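This report concerns only the one structure given below.
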Protein chains: 2
Amino acid sequence: MVQAKKSFDGFFKSAFTVDNVIFGFDDGKLKVLLIKRNEEPFNDFWALPGYFVQQHEDLDAAAQRVLRETTGLENVYLEQVHSFGSPGRHDFGRVITVAYYSLVKVADFELHAASIAEEVAWHDVEEISTLAFDHEEIIRVALNSLKRRIRTQPVGFKLLPPAFTLTDLQHLYEAVWEVDLEKRNFRKKILSMNLLRDLGRSQTGVAHRPARLYSFEENRYRELEEEGFNFELKEGKRK
Amino acid sequence: MVQAKKSFDGFFKSAFTVDNVIFGFDDGKLKVLLIKRNEEPFNDFWALPGYFVQQHEDLDAAAQRVLRETTGLENVYLEQVHSFGSPGRHDFGRVITVAYYSLVKVADFELHAASIAEEVAWHDVEEISTLAFDHEEIIRVALNSLKRRIRTQPVGFKLLPPAFTLTDLQHLYEAVWEVDLEKRNFRKKILSMNLLRDLGRSQTGVAHRPARLYSFEENRYRELEEEGFNFELKEGKRK
DNA sequence: CAACATTATTGTCCAGACAACACTATCTTT
DNA sequence: AAAGATAGTGTTGTCTGGACAATAATGTTG
């Protein structure tokens, strides 16, 4: 077997990285977490939090580690989206990157720039300028995936704080899909799914009628799913 | 930059491969194209048609090339599904594989085993035995992707010959989803989409009333899609 | 404290989509 | 010509989605 391996040596000259597209929702806008690199190539450019995978490290584990080391985020559920491997995408040689994405509540995390990051910050998805490598493309692909996914999986709740209003939820969908949704129909649909717990509390200190607060019942969803329930929302018409 | 590169040399010791999951539909059953390997590791095992990517080759192009070299299939539309990279998945070192999948018409292609394949054949998805590497898992992931995809994209037609009957189409959906569908409702739904051209011909030589033949109008679909049409079928209940 | 500004909350009606359901038609085989 | 096999078709009831506007609760302002 060691002899057999000999002739394959030419293939073992590549590297791979993981890159994380972390979406958050704040101030009515969809955000993505970026780091400012302090390492070549693309020194001083904004980039996705990503880095090389270690020789004996699992891909998923590497994504978690790199995210933690560059931004301080821990225990984030990451899902693989796509791999990118154009021959010229990295100056140092052939590097394939496996992209992951996630949804988090912005308020839940304190950001700590470290490792190759000299700065970490949330950026409006709408206003992303020139990024390192092919990271703009990676974000585009991840965003498409997100748009499809929130239609049929109740993942949107991961972007909201534990107690949220129905209007918050609606704004989230409107931001991701770039559509306007009809208030009454949206509420009817969401409430009919029985996935929300009415917390019996309301907003306070707002200069208008305070809205009721709800939380997402993860367990209830799991039960219903077992019984064949399918979460599904429609996008309606474009803005 | 060359100096900078130095310290990264340790990362450039990996290889990557592409593996293709090619689905076909024949005899009322969903099939997948496998090769019998004539190379270590896993010599003589059935495996997905895949191989190492060249140093300066694009991933998508590599998938096409490898598929052609091992099975003779050409001009197949391949779509990336997922990457697999457990540290122990390949005996020769760290190897990540990028999996692609496709749907083809079984009758359209003549199979030619070559390169590392000593045999090529269609296998029932239901009856796959022990495969090389983690290829069983790859097929599982690709199959899940297919199930979701045929619901909202008219890709199922790629598995059928140019002229097919509505019953063929229904059987295809039933096979992929493992459900029973109601004949009248299925036909109504499909025909109402205006995506099929009635060829005016019928089956011949069958021992029963011959069925009308249809073809899929790709162009019509593109038009409708522009206008905001969404292809969508429901899965109904499990068998 | 009264008027105002602001957002929350709620129900009806209509149209289109979907699910359930059974009989007749056409061809080959015997 | 009878039997066997699959193709083809229509109605009805129920559910879901979409359009649509008036009233309620709070903080702010004058």
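Here the structure is a predicted model, which is why all the values come from computation and not from measurement. Order of the sequence lines sets the chain letters (A, B, ...), proteins ahead of strands, with each chain counted from 1.
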Is the shortest distance from a Lys or Arg side-chain nitrogen in A:Glu225 or A:Arg222 to a carboxylate oxygen in the other one below 4.0 Å?
no

Main-chain N/O of B:Arg184 paired with B:Glu182 side-chain donor or acceptor, under 3.5 Å:
yes

Partners passing side-chain contact (heavy atoms from CB on, under 4.5 Å) against A:Phe231 (at least two apart in sequence or in another chain):
A:Pro154, A:Phe157, A:Tyr173, A:Met193, A:Leu195, A:Tyr221, A:Phe229, A:Leu233

B:Asp198 CG to D:dG8 C1': how many Å, rounded?
12 Å

Taking CZ from B:Phe186 and P from C:dA20, how many angstroms apart are they, rounded to a whole number?
16 Å

For residues A:Asn144 and A:Lys147, is any side-chain donor paired with an opposing acceptor at under 3.5 Å?
no

In whole angstrom, give the distance that lies between atom CG of B:Leu181 and atom C1' of C:dA20.
14 Å

In the structure I gave you, are the side-chain heavy atoms of B:Asn219 and B:Glu217 within less than 4.5 Å of one another anywhere?
no

Nearest-nucleotide wise, let me know which of B:Ser202 and A:Lys189 is further upstream toward the 5' end of DNA chain D.
B:Ser202

note: A:Met193, atom CE; D:dT16, atom P; distance rounded to Å ~ 11 Å

Do A:Arg212 and A:Asp198 meet the salt-bridge criterion of a basic N to acidic O distance under 4.0 Å?
yes

Rounded to whole angstroms, how far apart are CG on A:Leu196 and P on C:dT9?
12 Å

Listing request: all side-chain hydrogen bond (donor to acceptor under 3.5 Å, both in side chains) pairs with a residue in residues 99-112 of chain B, at least two apart in sequence or in separate chains.
B:Asp60-B:Tyr100

So, A:Arg151 and A:Glu232, do they make that salt bridge, N to O below 4.0 Å?
yes

Indicate yes or no for a side-chain donor-acceptor contact from A:Glu69 to the backbone of A:Ala114 under 3.5 Å, with no hydrogens or angles considered.
no

How would you label the contact of B:Arg187 with the nucleic acid (heavy atoms, under 4.0 Å): base, sugar-phosphate, or nothing?
base

B/S/- along nucleotides 21-30 of chain C (protein heavy atoms under 4.0 Å) is BB--BBBS--

A:Gln203 CD to D:dA25 C1', straight-line distance once rounded to whole Å:
12 Å

Rounding to 10°, can you tell me the angle the first-five-pair axis of the helix from C:dC1-D:dG30 to C:dT30-D:dA1 makes with its last-five-pair axis?
10°

With a cut-off of less than 4.0 Å, is there a side-chain N or O of A:Arg212 near OP1 or OP2 of D:dT26?
no

Can you run down the salt bridge (Lys or Arg N to Asp or Glu O under 4.0 Å) pairs that involve residues 127-146 of chain A, sequence neighbours left out, and say none if there aren't any?
A:Arg89-A:Asp134

Just to be sure I understand the geometry, which residues of residues 149-172 of chain B put a non-hydrogen atom under 4.0 Å away from DNA chain D?
B:Thr167

Length of the CZ-P vector between A:Phe231 and D:dT16, whole Å:
16 Å

Would B:Phe42 and B:Phe133 count as a close aromatic pair, with their ring centres under 6.0 Å?
yes

Protein-nucleotide distance (A:Lys234, atom NZ; D:dC15, atom C1'), rounded to Å:
12 Å

